[in-house]
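Have a look at the structure below before the remarks.
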Amino acid sequence: MNFPVFHHIQTHLPEQVSAHLQARYGYDAPVWLEQPADPAFGELALTIAFQLAKQLKKAPRAVAQELIDELGSLPGVAQMEIAGPGYINIRLDRGVYGSSLLKPDERSTEAAAGKIIVEHTNINPNKAAHIGHLRNAVLGDTFVRMLRSTGAQVEVQNYIDNTGVQVADVVAGFLKLENKSLDEVRVLAAQPRFDYLCWDLYARVSQHFAASKDDEKNWRQEVLHSIEEGSGVASEMGHLVSDAIVLCHLATMARLGVSYDVLPRESEILHLKFWATAFELLKERNAIHLETEGPKKGCWVMAGSHYSDEAAEDDSKVIVRSNGIVTYVGKDIAYQLWKFGLLGKDFHYHPLLTGSNGHQVWVSTDHPQSSSAPKFGGGSTVYNVIDSRQAYLQDVVAAGLRALGYIDQAERSIHFSYEMVALSPRTCAELGIDLSDSDKSKAHVQVSGRKGLGVKADDLIDKLIEKARVEVDDRHPQAPVAERQAVATDIAIGALRYFMLKFTRNTVIAFDMQEALSFEGETGPYVQYAAVRSRNILRKLEERGEKLPDFAAVLSSDAFGRQLAQEDFWQLTLAVSKADAAVARAIASGEPAHVAKYAFTLAQSFNTFYHDYPVIHETDPEKKSFLLWMTDYFRRQLERTLDVLGIRVPQYM
RNA sequence: GGGGACGUAGCUCAGCUGGAUAGAGCAUCUGCCUUCUAAGCAGAGGGUCGCAGGUUCGAGUCCUGCCGUCCCUACCA
């Protein structure tokens with residue numbers, strides 16, 4: 001028998017019950033265990049008697065009784081009892097449960113189902129990152145951490161659209177509005193916060209083009225063409241700008257502990273003819289067709305029936321424009337094919353930079369390199385972390401795979417969607433943003449790069465650190481400055497990451513500065529504080545010349561039975577042991593918010609425990625050992641869970 | 001017009017495949033720092049789960065209709 005940690009019980013107990021039902025009644029539906037609302041009802045509950053009662057035409061309570069009698073004793077279970085109209089409440093053996101927690105963590109050995117690719121961040125490299133991008137990166141990075149914590153093999157990709165209109169517009173701005181030469185831009189790009197400069201320039205260019213005449217729009221097209229073809233001054237400047245801004249973005253994300261394995265770039269998708277290859281495939285297998293009449297005459301389009309059951313007959317998505325230029329979706333289909341290893345082509349790579357943790361980031365190039373990069377792409381499942389507004393385009397991409405006959409891969413192309421981050425009216429006012437009357441009446445206001453409307457990621461991080469620093473200085477005026485700054489940074493990042501994770505994905509966040517700057521209540525710092533406190537107890541113990549006992553030697557199953565007979569100890573232990581179950585559930589539902597929620601309730605449990613039991617001053621030896629074990633167990637689980645959330649535990653708080 | 005998401009406490013949000021008395025945080029109010037740090041703890045008030053039907057032993061959760069909010073519906077990305 002395996003040891004009965006909660007997650008294990010929750011997954012294996014139903015299997016045993018299910019097997020029994022199959023053998024006894026020929027009943028074949030899945031069996032689920034529930035967690036009763038009231039802890040007094042036990043740890044787990046079966047509601048299967050209700051369904052079974054209907055089939056057997058017996059009273060639910062009678063069926064429940066029959067089940068209890070026939071199931072006999074199950075491992076780790078102390079007793080089962082009937083409650084209410086026919087619930088079967090399950091009480092676990094507390095002594096066995098507690099002592100099983102002393103055994104070292106056993107990593108799940110579930111068969112690795114191939115490589116999982118997670119694509120996230122994907123910021124247009126033409127301006128500074130804003131809070132919306134932070135939500136994307138933090139969600140993606142946390143999901144990656146969740147998957148990796150279960151032993152899965154995960155590759156993180158950050159797609160760089162370095163040849164699109166957004167980069168082109170900034171280049172147009174430098175050339176046309178600013179009359180800058182290549183060398184002048186090169187100097188600017190080497191300066192700090194070049195991304196801020198481009199943020200402002202992009203907003204100005206967008207306003208300019210919005211009000212401009214047609215001849216200027218033609219000129220704008222020329223810049224875009226030059227960049228797509230990869231020749232001319234505009235193209236060179238495009239690379240200069242986008243390469244510099246990518247580095248800005250990586251630096252911003254590194255502040256949050258977000259890193260990547262590989263940066264596939266659009267310029268290589270074009271120059272290495274990924275699209276040309278995909279185009280041939282799509283034509284060959286009739287996934288797209290050439291429109292011969294109507295408004296889309298001369299375009300290669302995908303019929304609406306490929307990507308939507310609801311599509312009208314004339315619905316179609318343009319993949320190649322009548323001027324021969326492929327759309328973004330077309331390039332994305334080629335990219336998605338490559339991710340699954342279905343394109344028959346690969347990028348060349350060169351090392352871009354090495355993170356502070358020694359992690360190597362690679363970027364695509366179009367020329368063979370001497371250095372040997374790992375094998376990228378060829379995943380078995382692909383998660384694209386992209387905001388929900390692009391659901392339609394993601395459907396088209398998956399439909400492309402399906403139309404090519406890659407049904408399984410289309411199924412495994414998962415749009416990990418999330419709602420946008422908007423701004424609260426109050427925060428807009430604080431930022432000095434003038435709102436139109438229609439915006440003023442709304443609950444939140446959309447950020448807009450074109451309007452330069454938004455909160456820059458680095459500004460927010462700076463502000464958070466500043467605020468945290470005030471609190472740290474207040475509490476630890478004697479500590480070295482560098483140390484206080486490091487602590488303030490950990491707290492600020494913890495607050496930010498937690499804030500981005502506490503909402504479920506399809507909730508629109510109305511970003512409010514005041515709310516985001518809070519360090520109390522359901523926040524990252526609250527959880528960090530619990531972890532710090534647990535460490536403090538153990539540190540204080542050492543300062544007193546004591547050390548942690550050998551728990552396995554001191555705490556027998558009987559000892560656990562005695563201590564866990566106390567109801568609050570039992571409830572706390574249960575709560576702490578549910579970390580794996582929480583992560584498993586969060587992966588199944590695709591909701592990192594569930595892990596955040598668990599971390600918070602875990603911290604709440606610890607703070608209650610901390611308040612109620614002075615661990616170090618306990619005089620009863622067995623109880624003291626137990627309390628120390630609880631403290632240490634809390635600490636480990638808090639640290640593990642925070643690690644999954646990408647939140648560091650500060651030295652002190 | 002078509003497609004999608006949402007509507008839960010004053011505010012911001014959870015609510016796991018339909019289960020037992022609908023939960024947090026913030027805000028408001030009342031207590032608790034000579035104790036392992038009060039970024040904390042204990043407690044109080046606050047709900048026709050948008051409205052109306054339906055399915056079910058059981059509905060915040062599933063179905064239908066209505067009302068309201070938001071997003072998408074480009075030869076932009």
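Protein chains get the first letters and strands the later ones, always in sequence-line order, with residue 1 at the start of each.
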* Asked: Which part of the nucleic acid, if any, lies within reach of A/Tyr87 when heavy atoms closer than 4.0 Å are counted: base, sugar-phosphate only, or nothing?
  -> base
* Asked: Just checking A/Asp38: base, sugar-phosphate only, or nothing, at a heavy-atom cut-off of under 4.0 Å?
  -> base
Please tabulate, for side-chain N and O atoms in residues 82-91 of chain A, each donor-acceptor pair with protein atoms closer than 3.5 Å (sequence neighbours left out).
from	atom 1	to	atom 2	distance (Å)
A/Asn89	ND2	A/Phe41	O	3.3
A/Arg91	NE	A/Glu81	OE1	3.3
A/Arg91	NE	A/Glu81	OE2	3.1
A/Arg91	NH1	A/Ala40	O	3.3
A/Arg91	NH2	A/Ala40	O	2.8
A/Arg91	NH2	A/Glu81	OE2	2.7

* To do: Let me have RNA chain B in dot-bracket notation, would you? Count Watson-Crick plus G-U wobble pairs, both distances under 3.5 Å, and use [ ] for pairs crossing earlier ones and | for inter-strand partners.
  => (((((((..((((.....[...)))).(((((.......))))).....(((((..]....))))))))))))....
* Structure fact -> Regarding the side chain of A/Glu520, the nearest nucleotide among B/A14, B/G40, B/C36 is B/G40
* Asked: NA contact type, A/Ser322, heavy-atom cut-off 4.0 Å: base, sugar-phosphate, or nothing?
  -> base
* For A/Gln528, report the nucleic acid contact type (base, sugar-phosphate, nothing); a contact means any heavy atom under 4.0 Å. => nothing
* Asked: Across the strands shown, which category fits A/Ser518 at heavy-atom distances under 4.0 angstrom: base, sugar-phosphate, nothing?
  -> nothing
* Asked: With sugar-phosphate meaning primed atoms plus P, OP1 and OP2, does A/Asn124 contact a base, only sugar-phosphate, or nothing at under 4.0 Å between heavy atoms?
  -> sugar-phosphate
* Among the candidates B/G19, B/C36, B/A39, find the nucleotide nearest to the side-chain atoms of A/Ile537. => B/C36
* Structure fact -> A/Leu541 atom CG is separated from B/U35 atom C1', nearest whole Å, by 16 Å
* Of all the choices, B/C72, B/G25, B/G19, which nucleotide is nearest to the side chain of A/Phe600 once you look at every atom? -> B/G25
* To do: Write down the distance separating the P atoms in B/A44 and B/G60, rounded off to the nearest Å.
  => 25 Å
* Asked: What does A/Gln446 touch in the nucleic acid at a heavy-atom separation under 4.0 angstrom: a base, only the sugar-phosphate, or nothing?
  -> sugar-phosphate
* Using the P atom in both, what is the distance from B/C32 to B/U12, to the nearest Å? -> 33 Å
* To do: Quick one: label A/Pro614 by what it contacts on the DNA or RNA (base, sugar-phosphate, nothing), any heavy atom closer than 4.0 Å.
  => base
* Interatomic distance at C1', B/U8 relative to B/A22, whole Å -> 8 Å
* To do: Mind checking A/Ala45 for me? I need base, sugar-phosphate or nothing, with any heavy atom below 4.0 Å counting as a touch.
  => base
* May I ask you to say what A/Phe503 touches in the nucleic acid, namely base, sugar-phosphate or nothing, with a heavy-atom cut-off under 4.0 Å? => sugar-phosphate
* Asked: What is the nucleic acid contact for A/Lys297, judged by heavy atoms within less than 4.0 Å: base, sugar-phosphate only, or nothing?
  -> base
* **Nearest-angstrom distance from the residue atom CZ of A/Phe50 to P of B/G19** => 12 Å
* When rounded to the nearest Å, what value does the distance between C1' atoms of B/A39 and B/C33 take? -> 14 Å
* Using a cut-off of 4.0 Å on non-hydrogen atoms, how would the nucleic acid contact of A/Tyr652 be classed: base, sugar-phosphate, or nothing? -> base
* Asked: For the side chain of A/Asn506, counting heavy atoms from C-beta on, which of B/C57, B/C6, B/U35 is nearest?
  -> B/C6
* Asked: Considering only side-chain heavy atoms of A/Thr504, which listed nucleotide, B/G40, B/A14, B/C71, is closest?
  -> B/A14
* Counting side-chain heavy atoms from CB outward, which of B/A39, B/A77, B/U37 is closest to A/Phe519? -> B/A39
* Main-chain N/O of A/Lys127 paired with A/His249 side-chain donor or acceptor, under 3.5 Å -> yes
* To do: Identify whether any heavy atom of A/Thr327 sits under 4.0 Å from a base atom; if not, whether one sits that close to sugar-phosphate; answer base, sugar-phosphate or nothing.
  => sugar-phosphate
* **Same-atom distance (C1') from B/A20 to B/C63, integer angstrom** => 25 Å
* Asked: Taking only residues two or more places apart in sequence or in another chain, which ones pass side chain to side chain donor-acceptor pair (under 3.5 Å) with A/Asp332?
  -> none
* **A/Val301 backbone acceptor or donor facing A/Lys317 side chain under 3.5 Å** => no
* When you measure from the side chain of A/Ala83, which nucleotide among B/A74, B/A20, B/G19 comes out closest? -> B/A20
* Asked: Heavy atoms under 4.0 Å, any strand shown: does A/Val527 hit a base, just sugar-phosphate, or nothing?
  -> nothing
